[in-house]
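Labels below follow one simple rule: chain letters A, B, ... track the order of the sequence lines, proteins then strands, and each chain is numbered from 1. These figures come from a predicted structure and were not determined experimentally.
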Amino acid sequence: MSENERILEMRDIVKEFSGVRVLDRVSFALRRGTVHALMGENGAGKSTLMKILCGIYAKTEGEILLRGAPAEIQTPTDAKALGVAMIHQELSAFHALTVSANMFMNREFMKGPVIDEARMVSETDKVFSDLGIRIDPKAKMETLSVAEMQLVEIAKAVSTDADIIIMDEPTSALTEAEVRKLYETVEDLKSRGKSIIYISHKIEEIFAIADEITVLRDGSLVGHDEIGAFDKDRLISMMVGRTLSQQFHKTRHTFGDVMLKVEGLSREHAFENVSFEVRAGEVFGLAGLIGAGRTEVVETLFGLAKKSAGTVSLYGAPVEINSPGDAIHSGIAFVSEDRKNVGLNLVGSVKENITLANLKKYCRLGVINAREERAASDAQAEKLSVKANSRDTLAMYLSGGNQQKVILARWMSTTPRILILDEPTKGIDVGAKAEIYRLIDEFAAEGNCVIMVSSEMPEVLGMSDRIAVMHEGRMTAVFDRDEATQEKILAAAAGI
Amino acid sequence: MKKKSKLLDYLVKYRVFVIFAVMFIVMAISSDVFLTRGNILNMLRQLSINGILAVGMTFVLITGGIDLSVGAVLTFSAMVGCSLIQKGSPYPVILAVAVSLAIGVGIGLINGIIVAKGSVPAFIVTLGTQMMAAGAALLLRNGSPIPGLKDEYNVIGAGSFLGVPLPIYIFFAIMLIGGFVLRRTRFGRHTYAVGGNALAARACGIRDKSVTIWVYVISGLCAAIAGVVLSARVRTATPIAGSGYELDAIAAAVLGGTSLTGGIGNMWGTLAGVLIIGLLNNGMDLLNIQSYIQDIIQGLIIIAAVYIDVNTNKARN
Ligand SMILES: Nc1ncnc2c1ncn2[C@@H]1O[C@H](COP(=O)(O)OP(=O)(O)OP(=O)(O)O)[C@@H](O)[C@H]1O
Ligand SMILES: [Mg+2]
């Protein structure tokens, strides 16, 4: 394998944003027909390095060689012409357009002067069936779930016939089955001589598909080697600069009274007759395939959507939650899976985003006490180790994982009693993940409860006290921690 | 070395003020009268009307909306108010002011409710209310102005305190209050949040629709205040007094860095924008530039200023 020719070399790349250095003389080499994993903590500079490669950012210093020849990549069009395609970490779809229009944006099939819609649809269908994706090419992008959008994004990159495909956390919203399908696609691409740069925080994934690993830390190159030279511990310690004793922090504690009781909850076209209860001190996992209705259930609980039937009781009394305001008032917090649309104000600062859900606490007569607000947001940011230039940095300039931490910080600062987490560790690095699991455990141990929707099996199994599984809008099984296994959950999720 | 780059940072950060300063110096050199106390006060007095409108407009723009009705609201509210207090009328001046402001608030409320609850684009809603208010202002006296207002009323626009005309105080007071509300209060923060991402704001428990309604109310109120000040200054309510003023107000806010897509902007920037436009008008008058040519130059300079503003920031990154 190592004799494969180098298709890409990035040498001594430096990148500065307004004088702040985020990449410091990083070198990176990619061989033809291999999968090269790029690893590192949140904010290490992985996405930035890749955005330089595909012409989104201009490098400050350094040089890029493609197929042995120096390449000037100034714009995304240059990159495309040189055979580089990227699946972005932050989805960037055209929501009002159809799936097929998104697939072939700026490379539409034409029939004379007009777009050949029929051909676009059939070509999209072809790509989808190769990849085992079942999405209607004529559907509007905005009707898709986050996971489906991600699948479209993958299909789009694969279909460009690029030699180098960059996948920036392609699986962060996918379930096991879809991930396996993606592995097959990757193997297939490899066998056709394509090279893949793969960024992920899921260590298992890396060992399953990567041939080589390059590790970055704080914008510098830490090391690079073939996969055989790594084991999990070495990789983690290279990434975080220390060893991690324990991934899932879980203490045994006793459960109290029922805090949240849901009976016969339904929402048309989304889910039906969902009932469960969660006790104080409990972490309640919600597993299932994408589209099973888990996100819809928790959104309804939080008042973001209206239920069509059923009752919800909090602390023993029935309640009507008609808006997120009601939910927050009742001590519920909700971390959405869709951080860009439901989570962040991208043009707001880190501080503003953290304090937005309970600004009232830092106000006297509607006037913000700036010092108190700063102190509170700094404390939360530190607790979750948010990495940003300053508290006044706009959220849009944070790395993906740090954006997720900002949202977590926001909701933890509301001191909720019931914490609803939808894919809470999406895009978060191993070190910070362990930190978040510890926070979840502490939070539950203090007599609060957590509802956690997650497609990451180890996370669901590692953190939940009970696990409910949904299939096509119905709850098909509930397991206790001791009896739950991956096989049982997958079977229930598939509706078997 | 370090100090120098820090200075540069400041210059870039406050670049609208730098643009203003450059224009100020150019004017000071090219005209003898420009730097006289009389002219400076006159310039400030004239720009105070646009300044008051721009404060309200900044709120609206930050939520991602737009208010095209302010010029017509200014006219209509002043016409109705002034019709009550021509010399010899039994009503007190305070009633006229109250009625004017109530009309501004009322039209703002209508704008806000239709935008927020009816989900009609702000451009259309406020264009519609603009036409209605403009029409109603003409209808009121069949197109003629209302002169001969009571002296106590005229003081608001024509009086002065410590040698400085009252409109300047009113403008700066509104600007300071607006800046304070935007920067320091919960409502202000919510304004930014709604403009930045309405769905995320809603998920944080913010009543985004009510925030939207309020910013149009603020804008309507500012328009009515500007109407009172203007009609008192010229001692007459004219049925076309404010036509086209909305565009100056929008231009001032955008010059000051407020984004038309929402979520970004601040009052200091708007102040700079108002000063730039005021200086342009005043300067060209002093230089005896013909008024048609003034329009052409003003259009050019607005584009150039925003171009410089946007691109210095980009180059810095
Ligand atoms: N446009 C920008 N302006 C300013 N700073 C930026 C910008 N983009 C990224 N950064 C900063 O560069 C650093 C590296 O960010 P990058 O997105 O490359 O991290 P990452 O390794 O992809 O992290 P993650 O795993 O969280 O996605 C971060 O500290 C981030 O704040
Ligand atoms: Mg990234």
Side-chain angles (χ1 to χ4, degrees), chain A residues 16-20 57-58 60 299 302-305 321 323-330 332-336 338-349 351-370 373 394-397 407 410-411 413-414 420, chain B residues 1-2 4-13 61-64 176-211 214 218 257-266 312-317:
Chain A
E16 292 179 355
F17 288 108
S18 336
V20 179
Y57 292 152
T60 311
E299 279 183 353
F302 191 65
L304 274 167
I321 294 172
S323 70
D326 292 349
I328 295 170
H329 195 72
S330 312
I332 305 178
F334 174 57
V335 176
S336 163
D338 189 353
R339 63 171 163 250
K340 219 174 173 182
N341 292 312
V342 193
L344 287 172
N345 173 10
L346 288 172
V347 293
S349 69
K351 176 192 74 182
E352 287 167 5
N353 272 290
I354 289 179
T355 57
L356 196 57
N358 69 332
L359 203 51
K360 209 172 187 170
K361 198 170 152 201
Y362 320 113
C363 289
R364 305 280 167 283
L365 300 168
V367 178
I368 300 168
N369 181 332
E373 189 198 8
L394 299 191
M396 61 194 276
Y397 298 134
I407 299 179
R410 168 199 296 166
W411 290 109
S413 79
T414 63
I420 303 176
Chain B
M1 185 60 210
K2 188 125 198 206
K4 203 168 150 195
S5 81
K6 197 128 197 198
L7 179 69
L8 194 65
D9 276 344
Y10 272 108
L11 290 182
V12 169
K13 189 162 176 202
L61 292 177
I62 287 175
T63 63
L176 285 175
I177 295 170
F180 178 82
V181 170
L182 205 49
R183 182 123 209 100
R184 299 289 309 278
T185 69
R186 200 145 70 94
F187 173 77
R189 185 64 61 76
H190 287 182
T191 307
Y192 284 103
V194 168
N197 184 345
L199 185 55
R202 195 177 311 155
C204 283
I206 294 169
R207 306 226 306 258
D208 57 323
K209 299 203 164 157
S210 100
V211 172
W214 273 106
I218 292 172
T258 300
S259 143
L260 285 173
T261 50
I264 300 172
N266 69 78
T312 41
N313 200 27
K314 218 161 56 189
R316 200 67 191 135
N317 271 322

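In terms of non-hydrogen atom pairs under 4.5 Å with chain B, the most contact-rich of A:Ala395, A:Gly366, A:Ser336 is A:Gly366. Highest contact tally toward chain A, considering only B:Gly205, B:Gly262, B:Ala203, B:Gly263, is held by B:Ala203 [criterion: heavy-atom pairs under 4.5 Å]. Heavy-atom pairs under 4.5 Å with chain B were tallied for A:Thr355, A:Ile328, A:Leu304, A:Val367; the largest tally goes to A:Val367. Counting heavy-atom pairs under 4.5 Å between each of B:Ala201, B:Ala193, B:Gly188 and chain A puts B:Ala193 at the top.
Scanning all heavy atoms of the two residues, the minimum distance from A:Gly343 to B:Ala200 falls at O-CB, 3.2 Å.
A:Phe302 touches chain B through its side chain: at least one heavy atom from C-beta onward sits under 4.5 Å away, while N, CA, C and O do not. Heavy-atom distances place both the backbone and the side chain of A:Leu359 under 4.5 Å from chain B. For A:Leu356, the parts sitting under 4.5 Å from any heavy atom of chain B are the backbone and the side chain alike. For chain B, the nearby part of A:Arg410 is the side chain; its heavy atoms alone come within less than 4.5 Å. At a 4.5 Å heavy-atom cutoff, the contact between A:Glu373 and chain B is made by side-chain atoms alone.
Side chain of B:Asn197 to backbone of A:Lys340: a donor-acceptor contact under 3.5 angstrom is found.
Looking at residues two or more places apart in sequence or on another chain, you find no ring pair (Phe, Tyr, Trp, His ring centres under 6.0 Å) involving B:Tyr192. Not a single salt bridge (charged side-chain N to carboxylate O under 4.0 Å, His left out) links A:Asp338 to another residue, sequence neighbours left out.
Around the CZ atom of B:Arg186, the shell of radius 6.0 Å holds more than 12 heavy atoms that belong to other residues, nucleotides or ligands.
Residue A:Asn353 holds its CG atom at 8.0 Å from SG of B:Cys204, rounded to the nearest 0.5 Å.
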